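In this text the structure is predicted, and so the values were computed from the model without any measurement.
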Amino acid sequence: MDEMKKEQHTLLDPDRMYEELEKKIEASGHGMSLERIRSAYEMARTAHEGQLRKDGSPYVTHCVAAADITVDMGLDEDSIIAALLHDVIEDTSLTHADIARQFGTAVADIVEGVTKLTRVQYTSKEDEQMENLRKMLMAMAKDIRVILIKIADRLHNMRTMDYQTAAKQRSKSLETMEIYAPIAHRLGMQRAKWELEDLSLQYLDPTGYKEITETLEKKMPQLESFMSTMKDKIQKRMDEEGISCTIFCRIKHVYSIYRKMYAQKLDINGIFDLCAFRVIVDTIPDCYNVLGVIHDMFKPVPGRFKDYISTPKPNMYQSVHTTVIGSEGIPFEVQIRTWDMHHTAEYGIAAHWKYKMHDGGNSVRMGDEDKFAWVRRLLESQQESDAQDFFHNLKIDMFADEVFVFSPKGDVINLPAGATPIDFAYSIHSDVGNHMVGASVNGRIVNFDYVLQNGDIVEIRTSKSAPGPSRDWLNVAKSGSARTKIKQWYKKERREENIIRGREMLEDELKHNGLTLEDVLDEDIMSPILKRLSYGAPEDMYAAIGYGGLTATRAANRLKDELARSAKPDRKTALDKVSEAAERREQQAAKKEGKAVHGILVAGLDNCLVKFSRCCTPVPGDEIIGFITRG
């Protein structure tokens with residue numbers, strides 16, 4: 001990884017980098033039009049003329065590097081062209097129409113999807129970031145290559161993050177860890193995910209990263225010797241059994257070790273299974289034959305066997321995992337898979353272009369639509385959410401660990417970890433959830449807040465006369481899609497009730513801020529807020545608060561900010577009255593003589609409740625050297 005970063009920093013000549021890119025494309029044997037790709041490079045170089053990166057290199061070097069990563073992913077010609085042009089709409093005068101005219105609408109749409117929302121004004125950086133993500137995912141639902149190019153773009157940016165400020169390094173690394181690494185994981189792109197995680201950790205916890213890398217360096221001779229011995233031993237036995245296979249071994253990546261250290265509260269010396277072996281065979285029956293042989297050679301660790309071949313992960317990942325104890329008492333993991341599974345595990349959804357290229361197709365869209373139907377499902381369920389809810393639900397639905405359960409017919413349904421029968425019902429269909437009256441798991445009736453476990457068989461009982469979902473279900477449902485469908489039901493069925501409830505909730509929240517609803521009902525205050533939140537009238541906003549589509553806190557904060565913004569210097573506003581009342585209270589408190597019941601004086605507090613520590617027997621007059629508060 002460090003070598004790759006050094007390489008990126010030394011190759012600052014864009015023409016030389018592009019020549020290397022052309023060689024790589026030719027070596028791939030996919031029969032792409034180099035003339036068309038060169039035209040895209042020329043367009044990008046001209047458009048970015050005069051723009052420099054933080055390290056002083058021409059900006060177009062980043063575009064070439066991103067295109068180089070898309071070639072490694074095995075993507076098609078349009079993807080490589082889009083990667084070369086991915087920043088021109090945002091950073092130059094070129095438009096969607098300019099790109100479409102020369103390279104077609106498909107390429108222009110991909111570039112547009114990757115481009116950030118630069119022309120819309122937002123009240124906060126978080127809102128802007130969430131809307132950018134929503135836009136990118138919308139484009140991704142139309143063409144999955146949008147997110148693949150975005151991952152390539154982010155990967156190169158993380159490789160060259162050394163030249164950014166410490167604050168930028170941290171914010172970008174956090175965004176990568178929270179959004180892009182989990183998306184890469186959800187798309188099955190393990191190689192990209194690992195590198196994104198390791199690069200992010202380097203800036204988020206440099207001390208922890210350094211500790212792990214230095215310890216691994218010290219242990220490397222011992223680990224390499226162990227891996228070599230075990231690899232030879234396994235290979236020899238497989239040859240004896242007549243099983244044709246290829247064996248790889250590796251040290252687990254840094255972030256994987258880091259997570260384990262924190263989850264199990266260990267230091268790195270307490271983690272033994274630092275090594276992983278991968279046995280790749282030709283057929284699925286061979287996978288299970290190898291498993292039998294491995295368990296015959298070494299003692300398996302109970303509870304550490306997982307069969308993702310019979311039950312693949314939602315990101316298409318398939319392998320058999322087992323952890324065994326080696327002859328030296330050192331545990332190690334063995335992953336067993338076929339070559340097809342291996343390509344999918346390394347490149348995820350991008351692996352499909354590798355096969356489609358050989359069919360003579362040049363600009364290939366995904367044929368296996370069901371492979372990323374989860375993107376569409378996610379977006380369909382979020383059409384009516386605001387950006388904040390969308391982002392929250394996205395993190396739950398896409399990034400949480402999963403639990404696999406079965407329907408009575410044997411269909412596998414994947415849900416976020418911690419999911420309940422409510423989540424299961426809504427994952428089948430909105431009507432099933434809305435008419436649910438009971439649930440049973442493995443033949444036993446359970447409560448609606450029962451936490452589903454892997455392998456549970458779930459059956460939902462429904463009734464046409466069911467009253468509909470309860471508001472309490474919003475606290476029980478774990479998945480964002482279930483919560484959204486419950487909110488949509490309340491929005492449609494109980495508008496009048498929602499308006500009354502929402503108005504009361506907003507009034508309560510405003511009261512906490514020292515305001516009343518009358519203070520903010522002025523058209524100058526309310527109109528901009530309604531417009532910004534996309535509501536036609538105050539009643540629509542009250543209804544949204546009532547059914548849970550908007551939080552009362554968020555609405556109150558927006559109204560308070562707008563009140564402060566619109567304040568005229570020659571007249572007192574409600575906020576001025578609040579400030580004056582608070583000032584009067586402070587003055588009255590200051591007039592009172594500070595008498596401390598316990599002989600303890602704390603600046604700014606009268607009669608603070610104090611409980612003396614028994615360890616050092618303090619006496620009145622001693623200075624306060626430390627204190628513990630609740631929480």
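- With sequence neighbours excluded, the residues that form a salt bridge (Lys or Arg N to Asp or Glu O under 4.0 Å) with Arg278 are Glu346.
- Separating the CD atom in Glu509 from the CG atom in Asn557 is a distance of 7.0 Å, to the nearest 0.5 Å.
- If you take NZ on Lys172 and CD on Glu175, they are separated by 5.0 Å, rounding to the nearest 0.5 Å.
- Asp15 and Tyr41 are linked by a side-chain donor-acceptor pair at a separation below 3.5 angstrom, with hydrogens and angles left out of the test.
- Taking both residues in full, the closest heavy atoms of Leu94 and Ala47 are given as CD1-CB, 3.7 Å, listed atom of the first, atom of the second, then distance.
- Residues Ala181 and Lys193 approach most closely at O-CG, 3.7 Å, considering heavy atoms.
- Here the closest non-hydrogen pair linking Met505 and Ala552 is O-CB, 3.8 Å.
- Remark: the backbone N or O of Ser33 is paired with a side-chain donor or acceptor of Glu77 at under 3.5 angstrom.
- In this structure, the side chains of Arg250 and Lys252 come closer than 4.5 Å at one or more pairs of heavy atoms.
- Residues that satisfy the side chain to side chain contact (heavy atoms under 4.5 Å, CB included) test with Glu214, not counting sequence neighbours, are Lys210.
- Panel note: side chain His185, backbone Pro182; no donor-acceptor pair is recorded below 3.5 Å.
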>> Under the criterion salt bridge (charged side-chain N to carboxylate O under 4.0 Å, His left out), I'd like the reasoning laid out for Asp78 against Arg36: C-alpha separation, chi angles, the key distance, then a yes or no.
In response: CA-CA 9 Å; Asp78 277 359; Arg36 191 164 172 255; 3.0 Å; yes
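- Summarising the geometry of Tyr258 relative to Gly208, their closest heavy-atom pair is CE1-CA, 4.4 Å, with the distance given to 0.1 Å.
- For the atom pair Asn157 CG and Thr176 OG1, the distance stands at 8.5 Å (nearest 0.5 Å).
- A donor-acceptor pair under 3.5 Å links the side-chain atoms of Asp98 to the main chain of Thr95, judged by distance alone.
- No donor-acceptor pair under 3.5 Å is formed between the side chain of Gln164 and the backbone N or O of Gln169.
- Under the side chain to side chain donor-acceptor pair (under 3.5 Å) criterion, Asp423 pairs with Thr420, Ser479, not counting sequence neighbours.
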>> Run Met158 and Tyr203 through side chain to side chain contact (heavy atoms under 4.5 Å, CB included) and show every step you take.
In response: CA-CA 10 Å; Met158 290 305 299; Tyr203 300 108; 4.2 Å; yes
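- Contact annotation: the side chain of Asp72 never approaches that of Arg191 to less than 4.5 Å [non-hydrogen atoms, C-beta and beyond].
- In this structure, Ser79 and Arg145 approach most closely via the heavy-atom pair OG-CD, 3.0 Å.
- From Thr70, atom OG1 reaches atom CD1 of Ile151 across 12.5 Å, with rounding to the nearest 0.5 Å.
- Under the 4.5 Å side-chain criterion, counting only non-hydrogen atoms from C-beta, Glu20 is not in contact with Asp68.
- Side chains of Ser39 and Phe103 form a contact here, defined as non-hydrogen atoms less than 4.5 Å apart.
- In this structure, Val114 and Val146 approach most closely via the heavy-atom pair CG2-O, 3.7 Å.
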>> Between Glu42 and Arg45, does the salt bridge (charged side-chain N to carboxylate O under 4.0 Å, His left out) criterion hold? Intermediate values first, please.
In response: CA-CA 5 Å; Glu42 298 292 350; Arg45 189 176 63 172; 2.8 Å; yes
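- Under the 3.5 Å distance criterion, with hydrogens and angles disregarded, no donor-acceptor pair is assigned to the side chains of Arg53 and Thr61.
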> Would Leu199 and Met161 count as a side chain to side chain contact (heavy atoms under 4.5 Å, CB included) if you check the C-alpha gap in whole Å, the side-chain angles of each, and the deciding distance to 0.1 Å?
Replying inline: CA-CA 9 Å; Leu199 290 168; Met161 194 56 68; over 6 Å; no
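- Between Leu506 and Leu559 there is a side-chain heavy-atom pair separated by less than 4.5 Å.
- Under the 4.5 Å side-chain criterion, counting only non-hydrogen atoms from C-beta, Tyr426 is not in contact with Thr484.
- The aromatic rings of Tyr59 and His62 stand perpendicular to each other, their planes meeting at an angle above 60°, with 30° marking the opposite boundary.
- Between Ile69 and Met73 there is a side-chain heavy-atom pair separated by less than 4.5 Å.
- A distance of 11.5 Å separates CD of Glu26 from CE of Met32, quoted to the nearest 0.5 Å.
- Between His342 and Trp339, the two ring planes are perpendicular [angle over 60°; tilted spans 30° to 60°].
- Looking at heavy atoms from C-beta onward, His96 lies out of side-chain contact with Val111 at the 4.5 angstrom threshold.
- Residue Thr344 holds its OG1 atom at 9.5 Å from CZ of Arg337, rounded to the nearest 0.5 Å.
- Between Tyr18 and Asp13, the side chains place no donor N or O within less than 3.5 Å of an acceptor N or O (distance only, hydrogens not considered).
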